[in-house]
Every structure is written in C-alpha cells, then in structure tokens.
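What follows is a short report on a single structure.
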Number of protein chains: 2
Amino acid sequence: MVKISDVARHAGVSPSTVSYVLSGKRSISDQTRRRVMDSIRALGYRPHAGARALASNRSNVIALVVPLRSGIHVPIVMQMVIAAVTSARSYDHDVLLLTQDEGVGGLERVAGSSLVDAILVMDVEMHDVRLPVLRSLDRPSVLIGFPADPTGLTCVDWDFEAAGAACAEYLADLGHSEIALIGAPPAVYERGTGFAERTKAGFQRAAAERGVHAVVRPCDPDHAREAADELLRDHPNVTGIAVHNEPAVEHLLSAFRATGRRIPDDLSFIAIAPDDLAERLDLTSISIPAEELGRQAVALLMEKLDGHQPPGSTLLPSRLVLRSSTPAA
Amino acid sequence: MVKISDVARHAGVSPSTVSYVLSGKRSISDQTRRRVMDSIRALGYRPHAGARALASNRSNVIALVVPLRSGIHVPIVMQMVIAAVTSARSYDHDVLLLTQDEGVGGLERVAGSSLVDAILVMDVEMHDVRLPVLRSLDRPSVLIGFPADPTGLTCVDWDFEAAGAACAEYLADLGHSEIALIGAPPAVYERGTGFAERTKAGFQRAAAERGVHAVVRPCDPDHAREAADELLRDHPNVTGIAVHNEPAVEHLLSAFRATGRRIPDDLSFIAIAPDDLAERLDLTSISIPAEELGRQAVALLMEKLDGHQPPGSTLLPSRLVLRSSTPAA
DNA sequence: GGCATTCGTCGAAGCGCTTCGACAATTTTC
DNA sequence: GAAAATTGTCGAAGCGCTTCGACGAATGCC
C-alpha cells in the first residue's frame, strides 16, 4: 500500500504538504502542487478512508434509510435512491444503505460509531419512532416526508397538497362538476402517512373553493376494478378523476374503459405519478420527480454538514403535464 | 465521545483487554468480561469505525453495485438489494451503495481507499468492462450473473437454463406440441446479457429432447400486444406459452385473452417470475427468489472474507409452482 | 526602509483502535 | 513434583492521516 509519506518522499515535500495539496486547506505554490499531483498519479496513491476518518472526524459517508413497506411504489424509491447516491458522489460522499427495520438502534449505531457523517431518512411516518433519536443525535439529518411535528427537523417532500389542489382545479377548469380522487391503499391511510392525507386535503379544499363536488376513495391496487365500479355506482355523475396510486393506475384505466366510458371524451383522467409512467400510458399528470427529491434531500444534508441552516421544510412543486387523458383545452 | 480507554478505566482493566473482550480474539475470564460489558453499557461506548478500520485493516463494509439499466425488473433489484443489506448486517457488516455508472473507477476508488472490504456486483454483462479490475483487485468480489468467461471469479445466479428447460418440459408434459418462449426486450439480447440467452437455450434444448416445436421471441413490454398477435399469427398452432419478461406478463396475458383464447383451456401459460407477481396474477410459474440470490451472494462474499474458497459458480435452482394458468394435472 | 502581513512549508502531536510480545499465575504432563 | 503448556492480562507500538503551531521568505504598507 502506498501512503502519504511515500508520496511526500517521491515529491520531495513533507506529508503535511501532500495533505494540504489534497484538501486545499492551506495555500500551496503551483509548482509544489504540480509535483505532488504528479507523484500521486505516478504512485497511484489513494488516501486510506479509515485513517482519514479518524484524523479528520469525517467519514465522508452518509446513511440512507430505505423503506421496506408496501404501499409505496418501488420504482420511485429506487429512483430516489439512485439519485441520492449520484448526488452524494458529486459532493464527494458515499452512501451507506440501511433498511427501515434497523430502526432506532441502527441510527444510533452508525452515528455513534462515526461510520456516517449524516443521515437521510426516506418515508417518514406521522408519528415515527425515530424522530426523537434524530432530534437528539449529534449528526445532521434530513427526512423525506413530513411527520406530524417537524419541529427541529429538516424535511423535504413533494407538495402533495398542491398536487391534489391542482388536480381539482384543472378538472374544475375543464367544466366537471363532480370529481373524484382515488388515493392510496387503505393501509396507507390507516398508518397515518402524511402524503396521502395531504393530497386529499388539497383536492377537497380546491374543489370546495371552486364549488365542485368532490369524493375521495382509497384503493387497493389488487382490487382496482371493484374500486372503479363502486365509485361509479355510488357517484354516477362523476366525470373527472384524479388518481394518486401508481400501481393501480393502469388497472383503473381499463376498469373505467370497461364501463363503456371513453377517455377523455366521457371521463377526464389525471394521474399523480412519475413522468415515465404517465408518459407510457399517455396520461395527463401531475408529475412527481423522484430524482429531484433525492437530489434535493442530499443538497440539504450537505448544507447542514457545511454548518449552514437550511429551511426546516421544503416542498417540491409538482407541475401539470397535459397529455391525452384529458380533453384538449 | 467515550473511548476505549474510558471503558478500560471504568472497568479497572487495560484498553487491550476491552478490545479482546469485544473481539473475542483472546480468552478473557468470565468475571472480567462481565465487568467490561457492564462498563460498556454504562458508558454507552461505541467503537469508532474509522479507528477500527485503520488499526485492523478491516472496515466491515462491503460495496454493492446496483444496475441503472432498463430491461431489468426494478422490484427484483430492490428485493435483492434489501436482502443483501439485511444479510450483510447479520454478518456484522454494512453496505455501501455504488451505481453502475461509477464503473471501473468507482471500484478502484472504494477498494483502493480501503473503504470496503469486498465487492458485490449485480447485473454483470457477458463482456463486462469491470471483469479485469475485479480479477486484479486485492479484495474479494462476488458477481450476480455470469460473464462469458468467469475464470477467476465467483459468480452466482439463478439457473435460467434449468428454468427454461423446466418450462418446455412441463408444457410438453401437458401435451402441447408447439410451444413458445416470450423473452426479454430485444435490447437485452443485443447487449449479450447472459440470462436471456440461457433461458432460451434451456427452453430449446428441452423442447428438442421432447420432440416438440419451439419458437422464441423477444418482447418489448411497451408492445406486448403486438408481440402476442404476431406470435399467434406466425404460429397459430402454439398452445403452450412461457414468458420470461416481468413487466410484460400482465399485458401479454390480456393480449392473449383478447384473441379469444381462454387460459388455461386453450392456452397454457407459464411465467418465469418472482412469486409475488405470479401469485397476484394466479399464474403457474417458475419462481425466481430474489431474496435468496441476494443472501447467497453475501454468504459467498463472507466465505471469501474468511479466507475460504467457495465454488466459482453457483446456480440457484428455481422451482415450478402450479397455479391456474395451466390445466390441472 | 522598517514593520506588519501573508505565503508556503515543515515537524510533531494525536485521532481511537488492534495486536504483538511479555509475563505472572495457573494448570497440565510424565 | 519439576518442567512444560495454557490462561488471562498488560503495556507499547503502530495503523495512515489531518491539523496546529512555528518559521523563514516574500510581499504590502505609510
């Protein structure tokens, strides 16, 4: 193994000088810098991560806690994970993966042993058991999703309230007077996950403001057909539909078509879903960019690592993308 | 921060004794062990990961390289990742996530800097550019998937050849004399990914052995209906179908039904797919257990870290699960 | 032109742990 | 019952790096 002292000898400088060349924490003459860099390349030197972590008290690794649960669309999670890793790399950090089931103990472990400098938690619940630890830990953290009480935490999520509202507003704009939101599986609501409630709230508020009648239904993806049938049976005059349930979108679509209704002629259909899905099915959608959320979360984490204090809550705007499941304006 | 010397003082022993209690590398009297453990708990001591890595030359972290590409079913990847992390934890290791696009440089970086002790690579291609590095690196690695030349490498994968053969055999058993395999998207074949070819080879070999006529078609999930129609147009007498293409399964199913054929009465349908998908659609399937593959890969890696020499190639058997897309025997 | 800064580099200390050799005390062996 | 082996513990060295204070040399300032 080639170490910093080897590089120093080869370049004719002291080890500390090599270190300063690498970190840029003190000024170094151009000539020296060049010589050192050449030696580094010539010898193939790589700083030892552990030694670095020990001496500098920084591991340059962040923890990413991924959810295991059902009810969240796996491809979205994966996209966010990939985006987070890619983004972390651009800040010269690596990502240590933890699963939800490591729980509080896992967080204490990786933080307490200085394995990681900071923690990114995906899929936070309203009354998440990890909140107290995250507040008391000596390392910064960022949560993806909003708990009931975000005091003292940094949280980021899509603006589902706005997404729900945008659906209702656009459906109202299109002239529908009775509209429906088909949301997450019942289990997600029961668990008190914030995002489902927020979409619902936005949808209902905007509908009320526009004076259109709104109904909201949960939907288990395995029983999408039944959900669609029941909705139209109970509310036969619904003509505008918003769906916030990725795995069910496709089934709902064919279920509605199977009732003889044409889309967009008889029924307007908006999906709250990632672009790739909406694009594939050619659906008007509120896009929820997974990559951007992952990137943004890492950016906030890096802010905190740099000693700054980013806003406690960040809501990522989603935008309406018109495709062919709603009538041309 | 509480360190090993604090624990030592509190327990009235030397730091090395504390270390040996923790590592078990030397015998320690029961009494001392108990006192030390009590002190550790009392003080909330956690060994510093960096210091440990520096002194012991082991980080207790493994790298996991995940694919970014299309053509592989995301939920399967996710399941394997989760299984790998969970499994690694059971060996007291953590997992550092790398993306495919870090490429050769990424492997050299994490290995060279001693950030990780070993590397797990998912989704290896036939002529993967990373093969030479993996062979020459000073840390052990395990590949999920088989390259063209696995010499000097440890590889593990599902036994797709056997899976393909099992499909053909069971369809022959059911009395079908003309059968088809609908495989991965064309891009996957073009890329020369091993698994697609191996399924095909097994299917064709077994069909030939049983004297039934076999056709094999690639399939882009976005054009499943066309694929189904073309197949039945070109080969109207096909009555047994195997599908090895998770995202397309559902579409293919409805496409075949849309031609007026009933499943299983007119058409036998076998999916090579993970259990949850096959279960949901109630399909007879060759199950490919993602978790087990992740676990097995980590187990092999740990073998190597312990200085053992596991077999160079491991094929995980898949089994036929009868459900209702084939006629009852 | 003298004094205060800034620049560029070095040496040494120290980060928190593991591990090796040493050694007294105990146990085993013939 | 003396010699040999084993057990349980300690002290010190060292893993490879960063960082702090020091200091000579170059530069800025009025």
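Throughout, protein chains are lettered first and strands after them, A, B, ... in sequence-line order, and every chain is numbered starting at 1.
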Go through residues 21-40 of chain B and report each residue with a non-hydrogen atom lying under 4.0 Å from DNA chain C, sorted by number.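 Nucleic-acid contacts, sorted: B/K25, B/R26.
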
For [X] and [N], what is the distance between atoms [atom1] and [atom2] respectively, to the nearest whole Å?
| X | N | atom1 | atom2 | answer |
| --- | --- | --- | --- | --- |
| B/R46 | C/dC17 | CZ | P | 13 Å |
| B/I4 | C/dC15 | CD1 | C1' | 14 Å |
| B/L54 | D/dG16 | CG | P | 7 Å |
| B/N57 | C/dT18 | CG | P | 13 Å |
| B/R9 | C/dG16 | CZ | P | 12 Å |
| B/R58 | C/dT19 | CZ | P | 10 Å |
| A/R52 | C/dG16 | CZ | C1' | 18 Å |

Do A/Y20 and D/dC20 have a side chain to base donor-acceptor pair shorter than 3.5 Å?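 Per atom types, the contact qualifies.
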
State, yes or no, whether a side-chain contact exists between B/I144 and B/V156 at a heavy-atom distance under 4.5 Å.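 Yes, at least one pair of side-chain atoms sits under 4.5 Å.
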
Within the 4.5 Å heavy-atom criterion, are B/D117 and B/N60 side-chain neighbours or not?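 Yes, their side chains come closer than 4.5 Å.
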
Hey, is the side chain of [X] poking within less than 4.0 Å of OP1 or OP2 on [N], counting only N and O atoms?
| X | N | result |
| --- | --- | --- |
| B/S56 | C/dT18 | no |
| B/T17 | D/dC10 | yes |
| B/Y45 | C/dC17 | yes |

Between B/R33 and B/D30, does a salt bridge (charged side-chain N to carboxylate O under 4.0 Å, His left out) hold up when you go through it step by step? CA-CA 5 Å; B/R33 187 199 326 285; B/D30 265 23; 3.6 Å; yes

Choose from [options] the nucleotide whose nearest atom is closest to any side-chain atom of [X].
| X | options | answer |
| --- | --- | --- |
| B/K3 | C/dC10, C/dC17, D/dG16 | C/dC17 |
| A/A51 | D/dT18, D/dG11, D/dG16 | D/dG16 |
| A/S14 | D/dG16, D/dT19, C/dG11 | C/dG11 |

Residues in side-chain hydrogen bond (donor to acceptor under 3.5 Å, both in side chains) contact with A/T86, at least two apart in sequence or another chain: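 None.
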
Test your reading of the model: is there a side-chain donor-acceptor pair from A/K304 to the backbone of A/P310, 3.5 Å cut-off?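 The answer is no, because no donor-acceptor pair under 3.5 Å joins these two groups.
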
Rounded to the nearest 0.5 Å, what separates atom CG in A/L98 from atom CE in A/M122?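 So the gap between those two atoms works out to 12.5 Å.
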
Side chains of A/S16 and A/S19: is there a donor and an acceptor less than 3.5 Å apart?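 No donor-acceptor contact under 3.5 Å links the two side chains.
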
